[in-house]
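Take a look at the structure set out below.
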There are 2 protein chains.
Amino acid sequence: MKDLVSRCPIEEVMQILSGRWPTLLIYYLKQGTKRFSDLRRDNPTISHRMLALELRKLEDAGIVSRTEFGGYPLRVEYDLTAAGHALVPLIDALGNWWTSVAAAADGEGRRNEISVSARAQRTSG
Amino acid sequence: MKDLVSRCPIEEVMQILSGRWPTLLIYYLKQGTKRFSDLRRDNPTISHRMLALELRKLEDAGIVSRTEFGGYPLRVEYDLTAAGHALVPLIDALGNWWTSVAAAADGEGRRNEISVSARAQRTSG
DNA sequence: TCCAGGTTACAAAAAAGTTCGTAATTTACT
DNA sequence: AGTAAATTACGAACTTTTTTGTAACCTGGA
């Protein structure tokens, strides 16, 4: 998703939030200040490089703040900015929406079984 | 973003909505019924393969419904489902959030200029 | 030599784009 | 009337682009 195809703010947000890591990092950061190594521990599947890259992206977007404390070993702290905190409920709303969609889909015996399992099958097949 | 790293609904939604196309297609579909070729015309930069793939993904997720009318040339209509329509305001909220973040960032002369231009520079460089 | 936090170069994987083929019917031309 | 090309919504194969991962290097003091 290199460039934007429109000047639409929605496309711009999605460019930032797309992918596995942004929402996950925001989720952990909303718990409070975290350091680089904390975030790696919280989420061992992200690579060192990806974490650095994603943090930088979120910082550029104004969602995360980075505070560097001099000295060695270098210490850096990450926090959500005010904008970042404002984003949290919006993301939660998406999660809730999906939860209700999945629940409803399980109820209605419909030809295309929705929910996680349906997509998992297709992906793994 | 092949597999999920958690069972978190947020990660699941993001797997569906990530990328350039899902929100864009939802945006066009909220205007009403569209056919495959309509969607291509609305958005000439998407390839027919991607369009087919994304529509299938949204259909599996229960966001889009696909109605096939027999005969040749085959005619197929796409619509947002009820769940899809419920999703629209949530996506809009993200867009509004970003708009306000960008506006605020322009105001505060801060060392990391946020907003579109900052990211555009980094991307193009 | 290790710490923490990062960057860089290179390689692997995944996603996206391109092209070709399919079907039955319609239109366009000779 | 007969042939060619367009239509429509894809699927499959192949190629290119983008993203992600791996591993190594860097800082400079204890």
Side-chain angles (χ1 to χ4, degrees), chain A residues 1-5 11 14-22 24-25 28-29 33-60 64-79 112 119 122-125, chain B residues 1-5 11 14-25 28-29 33-60 64-79 112 119-120 122-125:
Chain A
M1 198 173 57
K2 205 65 202 261
D3 300 317
L4 298 150
V5 301
E11 203 191 333
M14 290 317 294
Q15 193 171 33
I16 297 164
L17 299 184
S18 279
R20 170 153 59 233
W21 309 121
L24 224 43
L25 295 179
Y28 283 113
L29 284 169
T33 300
K34 296 268 182 179
R35 295 174 51 183
F36 192 90
S37 45
D38 292 332
L39 290 168
R40 290 217 64 190
R41 262 187 293 279
D42 287 336
N43 192 110
T45 51
I46 193 171
S47 70
H48 184 104
R49 181 174 184 272
M50 270 299 106
L51 180 55
L53 252 34
E54 295 291 324
L55 283 172
R56 192 87 54 240
K57 187 174 72 175
L58 292 173
E59 193 198 347
D60 284 353
V64 161
S65 69
R66 197 188 97 110
T67 314
E68 194 171 313
F69 297 87
Y72 286 87
L74 181 60
R75 195 159 69 84
V76 179
E77 289 187 353
Y78 292 94
D79 279 284
N112 57 325
R119 285 181 297 109
R122 201 180 274 269
T123 333
S124 67
Chain B
M1 197 170 61
K2 204 67 202 259
D3 300 316
L4 298 151
V5 301
E11 203 191 335
M14 289 318 293
Q15 193 171 33
I16 296 163
L17 299 183
S18 278
R20 170 152 58 234
W21 309 123
T23 50
L24 224 42
L25 294 180
Y28 283 113
L29 283 170
T33 301
K34 295 268 181 178
R35 295 176 49 187
F36 192 89
S37 47
D38 293 331
L39 290 168
R40 291 218 61 190
R41 260 187 293 279
D42 287 335
N43 193 110
T45 51
I46 194 172
S47 67
H48 88 262
R49 179 178 185 270
M50 273 299 104
L51 181 54
L53 252 35
E54 296 291 325
L55 284 172
R56 190 88 53 244
K57 187 173 73 175
L58 292 174
E59 193 198 346
D60 284 353
V64 161
S65 69
R66 197 186 99 110
T67 314
E68 194 171 312
F69 298 86
Y72 283 87
L74 181 61
R75 195 160 68 86
V76 179
E77 289 187 353
Y78 293 93
D79 278 285
N112 59 325
R119 286 181 296 107
R122 199 181 277 271
T123 334
S124 66

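Naming convention: chains lettered A, B, ... in sequence-line order (proteins, then strands); numbering from 1 in each chain.
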*Trace of the side chain to side chain donor-acceptor pair (under 3.5 Å) decision for B:Thr33 with B:Asp79*: CA-CA 5 Å; B:Thr33 301; B:Asp79 278 285; 2.6 Å; yes
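- Straight-line distance from the NZ atom of A:Lys34 to the P atom of C:dA4: 16 Å, rounded to whole Å.
- With hydrogens and angles disregarded, no donor-acceptor distance shorter than 3.5 Å links the side chain of A:Arg75 to the backbone of A:Glu68.
- Across A:Tyr78 and A:Leu29, no two heavy atoms sit closer than the pair O-CD2, 3.5 Å.
- Among all heavy-atom pairs drawn from A:Trp21 and A:Glu54, the shortest one is CB-CG, 3.8 Å.
- Formation of a donor-acceptor pair under 3.5 Å by the A:Lys57 side chain with backbone atoms of A:Ile16 is found in this model.
- Summarising the geometry, the separation between CZ on B:Phe69 and P on D:dC10 is reported as 13 Å, rounded to the nearest angstrom.
- B:Leu51 has its CG atom 10 Å from the C1' atom of D:dC10, to the nearest Å.
- Using a cut-off of 4.0 Å between Lys/Arg side-chain N and Asp/Glu carboxylate O, B:Asp38 and B:Arg41 are scored as salt-bridged.
- Closest approach of B:Arg66 to B:Val76, counting heavy atoms only: CG-CG1, 3.5 Å.
- Closest heavy-atom contact between B:Leu17 and A:Met14: O-CE, 3.2 Å.
- Atoms CG (A:Leu55) and C1' (C:dA4) sit 14 Å apart, rounded to a whole Å.
- The CG atom of B:Asn43 sits 10 Å away from the P atom of C:dG17 (whole-angstrom rounding).
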Is there any protein nitrogen or oxygen under 3.5 Å from a nitrogen or oxygen in nucleotides 6-8 of chain D, and what are the pairs?
from, atom 1, to, atom 2, distance (Å)
D:dT8, O3', B:Arg35, NH2, 3.4
D:dT8, O3', B:Leu74, O, 3.1

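- For A:Arg49, there are no side chain to side chain donor-acceptor pair (under 3.5 Å) partners two or more places apart in sequence or in a different chain.
- Phosphate contact (OP1/OP2 of C:dT7, side-chain N/O of A:Arg56, threshold under 4.0 Å): present.
- If you take CD of A:Glu68 and C1' of D:dG28, they are 14 Å apart, rounded to a whole angstrom.
- Within 4.0 Å (heavy atoms only), A:Tyr78 reaches sugar-phosphate atoms of the nucleic acid but no base atom.
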N/O to N/O distances under 3.5 Å, protein versus nucleotides 20-23 of chain D:
from, atom 1, to, atom 2, distance (Å)
D:dG21, OP2, A:Ser47, OG, 3.2
D:dG21, N7, A:Arg49, NH1, 3.3

